[in-house]
**Student:** 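Pasting a structure here, questions to come.
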Amino acid sequence: MKNILTTIILFALSAIAACAQSININHSGIQTTYDAIDVNSFNFNSGGAILNVSRESGDPLTLRTSDITSMESSMEPADFFTKYVDGEPAQVVFSCIEVNNTNPLQTQNFRLGKSNKYLFDAVILFSSNVNFSKRDNEVYIHNNDNVQAILNNWDHYIKPLKEKGIKVLLSLLGNHDGSGLANMSDERCRLFAQAIADTLDKYQLDGVFFDDEYSEYNKDLAAQGFEGFQNRGSAACASRLAYETKKAIGDRWVVPYKYGAFYSLNEVDGVKPGEYIDYVLTDYGVIGTWSSNESAYPGTTPRQYGICSVNMGGYTNMTFLKRSRTEKYGALMIYNLDQANGNYGYIYEDTLIKIAKNLFDDTLEVDPTIYKKDWKPVDGLGTPNRP
């Protein structure tokens, strides 16, 4: 029987290598994609048949044929980025970092040992701000010195991540004036959505993260003579902005944080939230029934939800993490990871190891290279400091 199995696999490999661009191998419950030319040998030893596969980097991967549950070829190029578990795409993992003190390059330091995929699928640059210029009567994106320094040095801080398949998203956060993400009229939403699209285009970013905090809506810009504002945040305004942003940025990601006025979103112009947002990320330690979450974001599926988030500075509820996998939610946000932080080695890394095990049945490989904050304040910010 072993000889028959070996002959079948050997024949299949020969056929695959002859016509396919990539090969998906499911081994020990982990699916990994390889270039067809990387399946480079098949031999025997006393323990049975062995398949040797080269990897994108590192040492070749050796698999026993008894551990291989399926192989399939594809004419598509190898996908080195999508993680799989339980026979389907695994959760998308976001790293939301405070760029005032954290270097985004650290995101590339974490890989899963068996699948050789990166732990993080996306990094959120936290955060640019929403501000209002009374002089120009315009809502605009303000970048502080740290955000702008990273964007100005795109080749150094952002390009290496994108080349590894890690998406880079810009966070937008309120900034203590009467404007914000959830109090603009339809026309102001359209204008601001175009400003978001222009910014993503300029810096070749992959999406936007909406965080409705720190906007002081009660400063009431309308009462000061500026049309197109409410004196409070509302789901209707938040929904309109997310909808208009999706129209403006196309297949790039719109990712709201389920907080403030974005705690729930509405249908806009006959389009449900599930069609104009890509993922929604929730607060720390939050989980509920799917029906309660779907009603807050009509038209979404569990695959669009990050049902709990991990704050590296606090307690991580592994029960919630396990539930997020078994109930097939599609995303996870990790906040405030900083490999240069003194707590990293004996607290943070242990949490990441548990996440790799519980979400992906995998081990964690960590590049010990420390990327510290190494940029300096920039002169002449790309966004004017408007009054």
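Quantities reported herein were computed from a predicted structural model and do not represent experimental measurements.
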**Student:** Evaluate the side-chain hydrogen bond (donor to acceptor under 3.5 Å, both in side chains) criterion for residues Lys134 and Gln224: first the C-alpha distance (whole Å), next the side-chain angles of each, then the deciding distance (0.1 Å), finally the verdict.
**Tutor:** CA-CA 10 Å; Lys134 293 183 178 180; Gln224 299 176 47; 2.8 Å; yes
**Student:** Less than 4.0 angstrom from a charged side-chain N to a carboxylate O is my criterion; do Arg252 and Asp278 meet it?
**Tutor:**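 Here Arg252 does not pair with Asp278 in a salt bridge, since their nearest N and O are not under 4.0 Å apart.
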**Student:** Between Lys372 and Asp374, is any pair of side-chain heavy atoms under 4.5 Å apart?
**Tutor:** no
**Student:** Short question: side chain of Glu187, backbone of Gly228 - any donor-acceptor pair under 3.5 Å?
**Tutor:**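 Not at all, since once roles are kept as given, no pair shorter than 3.5 Å links the two residues.
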**Student:** Please round to the nearest 0.5 Å and tell me the distance separating atom NZ of Lys247 and atom CG of Asp269.
**Tutor:**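 One finds 6.5 Å between NZ of Lys247 and CG of Asp269.
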**Student:** Kindly say whether His156 contributes a backbone atom to a donor-acceptor pair with the side chain of Asn153 at under 3.5 angstrom?
**Tutor:**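 No; zero donor-acceptor contacts below 3.5 Å.
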**Student:** How about Tyr279 and Trp253: are their ring centroids closer than 6.0 Å?
**Tutor:** yes
**Student:** Does the pair Lys376/Asp145 count as a salt bridge with the N-to-O cut at 4.0 Å?
**Tutor:**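 Asp145 and Lys376: not salt-bridged.
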**Student:** I'd like to know if Glu275 pairs up with Lys272 as an ion pair, taking the criterion as any Lys NZ or Arg NE/NH1/NH2 lying under 4.0 Å from an Asp or Glu carboxylate oxygen.
**Tutor:** no
**Student:** Indicate yes or no: does Lys83 engage Asp362 in a salt bridge with an N to O separation below 4.0 Å.
**Tutor:** no
**Student:** Using only heavy-atom distances, determine whether the side chains of Tyr371 and Asp338 contain a donor-acceptor pair under 3.5 Å.
**Tutor:** no
**Student:** Determine the minimum heavy-atom distance between Cys308 and Thr282, stating which atoms define it.
**Tutor:** N-OG1, 3.3 Å
**Student:** Check whether any side-chain heavy atom of Lys357 sits under 4.5 Å from a side-chain heavy atom of Thr363, and report yes or no.
**Tutor:**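 Lys357 does not reach Thr363 side chain to side chain.
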**Student:** For a quick check under 3.5 Å, do Lys373 and Asn146 share a side-chain donor-acceptor pair by atom type?
**Tutor:** yes
**Student:** Under 3.5 Å, is there a donor-acceptor pair between the side chain of Arg111 and the main chain of Glu365?
**Tutor:**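 Here the side-chain-to-backbone pair does not exist.
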**Student:** With the threshold set at 4.0 Å, does a side-chain nitrogen-carboxylate oxygen contact exist between Lys354 and Asp350?
**Tutor:** yes
**Student:** Using 0.5 Å steps for rounding, measure from the CG atom of Leu200 to the CG atom of Asp206.
**Tutor:** 8.5 Å
**Student:** Can you name the nearest heavy-atom pair linking Ser179 to Leu221, along with the distance?
**Tutor:**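 In terms of heavy atoms, the two residues are closest at N-CD1, 3.6 Å.
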**Student:** Scan Tyr217, Phe132, Phe192 and name whichever one has a ring-ring contact (aromatic ring centres under 6.0 Å, His included) with Phe229.
**Tutor:**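 The ring-ring contact (aromatic ring centres under 6.0 Å, His included) with Phe229 is passed solely by Phe132 among Tyr217, Phe132, Phe192.
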**Student:** What about the rings of Phe209 and Phe94, do their centers lie closer together than 6.0 Å?
**Tutor:**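 Ring centres of Phe94 and Phe209 not closer than 6.0 Å.
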**Student:** Do you see a donor-acceptor pair shorter than 3.5 Å between the side chains of Asn137 and Arg188?
**Tutor:**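 Judged by distance alone, the side chains do pair up.
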**Student:** With no hydrogens and no angle check, just 3.5 Å: does a side-chain donor-acceptor pair link Asn143 and Ser128?
**Tutor:** yes
**Student:** Without hydrogens or angle criteria, can the side chains of Gln91 and Ser324 be said to hold a donor-acceptor pair below 3.5 Å?
**Tutor:** yes
**Student:** Using modelled atom types and a 3.5 Å cut-off, is there a donor and acceptor pairing between side-chain atoms of Asp211 and backbone atoms of Leu172?
**Tutor:** no
**Student:** For a quick test of reading the model, state the closest non-hydrogen atom pair linking Ala193 to Ala248 and the distance between them.
**Tutor:**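 Heavy-atom minimum between the residues: O-CB, 3.8 Å.
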**Student:** Write down the atom of Trp375, the atom of Thr102, and the distance for their closest heavy-atom approach.
**Tutor:** CH2-O, 3.4 Å
**Student:** Can you measure from CG (Leu119) to CD1 (Ile334) and round to the nearest 0.5 angstrom?
**Tutor:**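 So the CG of Leu119 and the CD1 of Ile334 are separated by 5.5 Å.
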**Student:** With distance as the sole criterion, is a donor-acceptor pair present between the side chains of Tyr214 and Asp177 under 3.5 Å?
**Tutor:**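 No, no side-chain donor-acceptor contact under 3.5 Å.
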**Student:** Without swapping roles, check the side chain of Ser171 against the backbone of Phe126 for a donor-acceptor pair under 3.5 Å.
**Tutor:** no
**Student:** Assess Lys246 against Tyr276: is NZ or CZ under 6.0 Å from the centre of the six-membered ring, and within 45 degrees of the ring's axis?
**Tutor:** no
**Student:** Just how far is it from atom CZ of Phe120 to atom CG of Leu332, taken to the nearest 0.5 Å?
**Tutor:**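 Here the rounded value is 8.5 Å.
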**Student:** If we count only N and O atoms by modelled type, under 3.5 Å, do the side chains of Gln339 and Asn109 hold a donor and an acceptor together?
**Tutor:** yes
**Student:** Compare every heavy atom of Arg325 with every heavy atom of Asn358, then report the nearest pair and how far apart it is.
**Tutor:** O-NH1, 3.1 Å
**Student:** Tell me whether Glu163 contacts the main-chain N or O of Pro160 through its side chain, where contact means a donor paired with an acceptor under 3.5 Å.
**Tutor:**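 Not a single qualifying donor-acceptor pair exists.
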**Student:** Between NZ of Lys258 and OG of Ser309, what distance do you get to the nearest 0.5 Å?
**Tutor:**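 Reported to 0.5 Å precision, the distance equals 11.5 Å.
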**Student:** Could you tell me if the side chain of Ile166 sits less than 4.5 Å from the side chain of Asp121, heavy atoms only?
**Tutor:** no
**Student:** Identify the two heavy atoms, one from Leu112 and one from Ala356, that lie closest to each other, and give their separation to 0.1 Å.
**Tutor:**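 Nearest heavy atoms, Leu112 then Ala356: CD2-CB, 3.7 Å.
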**Student:** Side-chain donor-acceptor pair under 3.5 Å between Asp198 and Gln194, yes or no?
**Tutor:**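 Yes, Gln194 and Asp198 have a side-chain donor paired with an acceptor closer than 3.5 Å.
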**Student:** Within the 4.5 Å heavy-atom criterion, are Met184 and Cys237 side-chain neighbours or not?
**Tutor:**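 Sidechains of Cys237 and Met184: no contact.
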**Student:** Can a donor-acceptor pair be found between the side chains of Asn144 and Asn100 at a distance below 3.5 Å?
**Tutor:** yes
**Student:** Just by modelled atom types, is the Ser133 backbone N or O under 3.5 Å from a matching donor or acceptor in the Asp136 side chain?
**Tutor:**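 No: the side chain of Asp136 does not pair with the backbone of Ser133.
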**Student:** Could you state the interatomic distance from CZ (Phe262) to CZ (Phe210), rounded to the nearest 0.5 Å?
**Tutor:** 5.5 Å
**Student:** Counting C-beta onward and ignoring hydrogens, is there a side-chain heavy-atom pair between Thr245 and Val208 closer than 4.5 Å?
**Tutor:**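 Yes, side chains in contact.
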**Student:** In sequence, state the C-alpha distance, the side-chain angles, and the governing distance for Asn131 and Ile141, and then conclude on side-chain contact (heavy atoms from CB on, under 4.5 Å).
**Tutor:** CA-CA 6 Å; Asn131 276 110; Ile141 296 173; over 6 Å; no
**Student:** Are the aromatic rings of Tyr259 and Tyr257 close, with centres under 6.0 Å apart?
**Tutor:** yes
**Student:** Assess, by modelled atom type and distance only, whether the side chains of Gln304 and Tyr329 contain a donor and an acceptor separated by less than 3.5 Å.
**Tutor:** no
**Student:** Would you say the rings of Tyr84 and Phe360 are close, in the sense that their centroids are separated by under 6.0 Å?
**Tutor:** no
